[in-house]
Structure formats: C-alpha cells, structure tokens
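Have a look at the structure below, then the notes.
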Amino acid sequence: MELNPECIPPCGLYCGVCRIYAATQAGDLAYLERLYKIYARRMPQLAAATPDDLLCDGCLSTRRYIFCRQCAIRDCTQQKELQSCHQCADFPCALIDAFPVPVGRQVILRSIPYWRKFGTHAWVQSEEQRYHCPECGGRLFRGDTNCRHCQAQVSVDY
C-alpha cells in the first residue's frame with residue numbers, strides 16, 4: 001500500500017476515510033453540495049462558506065476542507081517539529097480535549113496510541129481496514145452509523 005503523505009494528518013483523523021476527501025477525489029460535486037447543505041444546517045460557522053470550501057486533497061495539502069485550514073493541532077505539531085501527536089509526550093492534551101466534534105475526539109484518542117505503537121504504515125492500513133461494513137464489506141466513512149450499501153447499523157469509529 002502506497003501512502004499519500006498529504007492524507008496523514010497530525011491529529012490521527014486519517015483523511016482516507018473522510019467523506020469530504022473521498023467526494024473531492026471522485027469529483028462528486030453533487031455529493032459535496034449535499035454535504036454542504038447538511039453541514040451548514042448543523043454548523044452555523046459555515047453560513048458564509050460555499051460548497052467549494054469543502055474541497056479537500058488531504059490535511060497536509062494546499063486545498064483543505066474549511067475547518068482543516070485552521071487547525072490548532074496541526075499548528076502545534078509543526079511548532080514542535082513533530083509529524084503528529086503520536087510523537088508528542090503531552091498527548092492527550094487540551095487541544096484534543098477541546099476538539100469540537102465528539103466522534104473525531106474519540107477517533108483521535110483511539111487512533112494516536114495505535115499509531116504510536118505500530119507506526120505509520122500499520123496505522124494507515126488499520127484505518128483502511130476498519131472502515132468497511134462488517135455485514136456487506138461496503139466502504140464506510142468516519143462518523144457513519146449506517147452502511148449506505150446494506151443499511152446495517154455500524155460502529156467502527158471506536
């Protein structure tokens with residue numbers, strides 16, 4: 001498996017299982033438009049954004065999802081000259097505790113210790129394998145509670 005360095009975020013929220021990243025890479029602008037409408041209803045800070053603000057080529061790319069553009073966790077690891085939180089002696093820290101998306105925070109708390117123990121390649125491979133439906137094998141994304149292929153309830157984030 002070849003690793004895309006732009007998709008290996010410092011926080012441990014692997015970009016390869018993000019629906020925004022996947023839609024951008026697939027060029028699925030209709031899906032991004034639907035995601036934008038859903039997110040804009042749930043997140044008032046998106047009121048001034050456009051669907052183009054969802055376009056993302058990965059956390060470490062130059063084209064990032066609007067919320068990933070201003071990331072205190074990425075800024076912290078860059079200041080400390082670390083690849084990610086998995087190399088930080090202060091993990092978990094106040095930045096993780098304050099992460100605004102509960103599912104994301106839980107994934108970070110699960111993901112970083114695994115990354116620390118097994119390394120980058122094994123961590124990415126584990127994340128890729130984790131995000132498949134246990135019933136039908138269909139591809140899942142972080143935050144999914146139902147498989148979009150077979151509608152089975154899933155809980156793969158934790």
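Fair warning: this is a prediction, and the values are worked out from it, not measured in the lab.
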Arg130 (side chain) donor-acceptor with Tyr158 (main chain) under 3.5 angstrom: yes
State, with a plain yes or no, whether a side-chain heavy atom of Cys150 is found less than 4.5 Å away from one of Cys133. yes
Treating Ile, Leu, Val, Met, Phe, Trp and Tyr as nodes and any side-chain heavy-atom pair under 4.5 angstrom as an edge, say whether Leu82 and Ile108 lie in one connected cluster. no
Once rounded to the nearest 0.5 Å, what's the spacing between atom CZ of Phe99 and atom SG of Cys71? 7.0 Å
Let me confirm one number: the CG-CG distance from Asp157 to Leu140, rounded to the nearest 0.5 Å. 9.0 Å
Atom CD1 of Ile66 and atom CG of Leu55: how far apart are they, to the nearest 0.5 Å? 11.0 Å
Please tabulate, one pair per line, all N/O donor-acceptor pairs under 3.5 Å involving side-chain atoms of residues 31-38, not counting sequence neighbours.
| residue | atom | partner | partner atom | Å |
| --- | --- | --- | --- | --- |
| Tyr31 | OH | Arg19 | NE | 3.4 |
| Tyr36 | OH | Ala49 | O | 2.8 |

Straight-line distance of Ile73 CD1 to Leu13 CG, nearest 0.5 Å: 7.5 Å
Exam field: side chain Gln151 to backbone Arg148, donor-acceptor pair closer than 3.5 Å: yes
Please tell me if the side chains of Asp53 and Tyr39 come closer than 4.5 Å, counting only heavy atoms from C-beta onward. no
Say whether Tyr131 and Phe141 are linked into one hydrophobic cluster, either directly or through other cluster members, by side-chain heavy-atom distances under 4.5 angstrom. no
So Pro51 and Leu54, do their side chains get closer than 4.5 Å, heavy atoms only? no
For the residue pair Arg74 and Leu60, what are the closest heavy atoms and their distance? CD-CD2, 3.7 Å
Among Trp115, Phe91, Trp123, Phe118, ring-ring contact (aromatic ring centres under 6.0 Å, His included) partner for His86: Trp115
Between Ile20 and Cys56, what is the shortest heavy-atom contact and its length? CG2-CB, 4.1 Å
Could you grab the distance from atom CD of Gln25 to atom CG of Asp57, nearest 0.5 Å is fine? 5.0 Å
Before you tell me yes or no, could you show the steps for Glu127 and Arg110 under salt bridge (charged side-chain N to carboxylate O under 4.0 Å, His left out), namely the whole-Å CA-CA distance, both residues' side-chain angles and the distance that decides it to 0.1 Å? CA-CA 11 Å; Glu127 291 297 288; Arg110 171 191 54 76; 2.7 Å; yes
Before you tell me yes or no, could you show the steps for Cys147 and Cys136 under side chain to side chain contact (heavy atoms under 4.5 Å, CB included), namely the whole-Å CA-CA distance, both residues' side-chain angles and the distance that decides it to 0.1 Å? CA-CA 9 Å; Cys147 175; Cys136 74; 3.6 Å; yes
Can you tell me how far CD1 of Ile112 sits from SG of Cys85, rounded to the nearest 0.5 angstrom? 5.0 Å
Testing the basics here: between Arg142 and Cys18, what is the closest heavy-atom pair and its distance to 0.1 Å? NH2-CB, 3.6 Å
What heavy-atom pair brings Ser111 and Gly12 nearest, and what distance separates the two atoms? OG-O, 2.9 Å
Which heavy atom of Asp52 sits nearest to which heavy atom of Arg69, and what is that distance? O-NH2, 4.4 Å
Could you tell me which non-hydrogen atom of Ser84 sits nearest to which non-hydrogen atom of Pro9, and how far apart they are? CB-O, 4.2 Å
ILVMFWY network linking Val101 to Tyr21, side-chain heavy atoms under 4.5 angstrom: no
